[in-house]
Amino acid sequence: MSQFDKRQEGFEKKFALDEEQKFKAEARRNRLLGLWAAEKLGMAGDAATAYAKEVVASDFEEAGDADVLRKITADFTAKNVAVTEQAIRAKMSELLAVAAAEVKAGK
């Protein structure tokens, strides 16, 4: 293998690892966001865990965070929970940083 091929293979492995960590961090963020939203909706225990799983699953509807935001916003609206879309987005950003740190730490 030439030096160029080795270098290219290294970049490809790094890219794959970065993408895997990004996916794991976003999934973890969505679970944490689901638990946060469940608390706002008055859920606890198994109901909160089940809701968090629904939030994680909602992320597979389309690319990006719009599907998760839409689900939580709709659920808050249905239960008359007064949390703005901006507050949800801020919580998503906050929890993504937490989740990324956890994934990086191997938790």
Side-chain angles (χ1 to χ4, degrees):
M1 211 183 238
S2 74
Q3 186 70 11
F4 179 75
D5 291 336
K6 287 180 185 178
R7 189 173 179 185
Q8 182 178 356
E9 184 179 312
F11 282 125
E12 288 172 359
K13 286 181 181 178
K14 172 80 167 102
F15 177 77
L17 178 64
D18 289 348
E19 287 299 304
E20 180 182 352
Q21 287 184 334
K22 180 181 171 190
F23 175 80
K24 286 180 180 180
E26 287 177 354
R28 186 172 299 215
R29 184 265 329 256
N30 290 340
R31 183 179 58 79
L32 293 171
L33 184 68
L35 292 172
W36 171 80
E39 182 182 323
K40 297 281 186 195
L41 293 166
M43 297 178 193
D46 291 341
T49 302
Y51 182 77
K53 288 180 183 178
E54 287 178 28
V55 172
V56 171
S58 74
D59 191 29
F60 299 116
E61 292 175 14
E62 63 186 50
D65 296 332
D67 42 3
V68 173
L69 181 64
R70 189 170 41 250
K71 175 179 181 26
I72 291 176
T73 301
D75 292 344
F76 281 176
T77 300
K79 295 280 187 167
N80 294 321
V81 175
V83 177
T84 65
E85 184 178 314
Q86 293 159 325
I88 297 169
R89 285 186 187 278
K91 194 66 172 178
M92 289 173 83
S93 294
E94 173 189 328
L95 292 175
L96 183 58
V98 170
E102 288 178 0
V103 168
K104 198 169 195 170
K107 292 183 183 179

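This is a predicted model, so every value here is computed, not measured.
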Interatomic spacing from [atom1] in [X] to [atom2] in [Y] - rounded to 0.5 Å:
{"X": "Arg70", "Y": "Glu85", "atom1": "CZ", "atom2": "CD", "answer": "10.5 Å"}
{"X": "Leu33", "Y": "Glu94", "atom1": "CG", "atom2": "CD", "answer": "10.0 Å"}
{"X": "Asp75", "Y": "Glu54", "atom1": "CG", "atom2": "CD", "answer": "7.5 Å"}
{"X": "Ile72", "Y": "Tyr51", "atom1": "CD1", "atom2": "OH", "answer": "5.0 Å"}
{"X": "Ile88", "Y": "Lys91", "atom1": "CD1", "atom2": "NZ", "answer": "12.0 Å"}

I need the minimum non-hydrogen distance between Val83 and Lys40, along with the two atoms involved.
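Closest heavy-atom pair between Val83 and Lys40: CG2-CD, 4.5 Å.
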What is the minimum heavy-atom distance between Leu32 and Ala99, and which atoms define it?
CD1-CB, 4.5 Å
Results of side-chain hydrogen bond (donor to acceptor under 3.5 Å, both in side chains) for Gln21 - residues two or more places apart only
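In terms of side-chain hydrogen bond (donor to acceptor under 3.5 Å, both in side chains), with neighbours along the sequence ignored, Gln21 is linked to no residue.
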Under a single-linkage rule joining Ile, Leu, Val, Met, Phe, Trp and Tyr whose side-chain heavy atoms are separated by less than 4.5 Å, which residues share a cluster with Phe23?
Val56, Phe60
CD/Glu19: more than 12 non-hydrogen atoms of other groups inside 6.0 Å
yes
With a 6.0 Å cut-off (strictly less than), is the heavy-atom count around CD of Glu62, excluding the residue itself, greater than 12?
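Correct, the count exceeds 12.
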Say whether [X] and [Y] are linked into one hydrophobic cluster, either directly or through other cluster members, by side-chain heavy-atom distances under 4.5 angstrom.
{"X": "Val68", "Y": "Leu95", "answer": "yes"}
{"X": "Val81", "Y": "Met43", "answer": "yes"}
{"X": "Leu35", "Y": "Leu41", "answer": "no"}

Which pairs pass side chain to side chain donor-acceptor pair (under 3.5 Å) with one or both residues in residues 25-34, sequence neighbours excluded?
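Every side chain to side chain donor-acceptor pair (under 3.5 Å) pair that includes a residue of residues 25-34, provided the two are not neighbours, is Arg28-Glu102, Arg29-Asp65, Asn30-Asp59.
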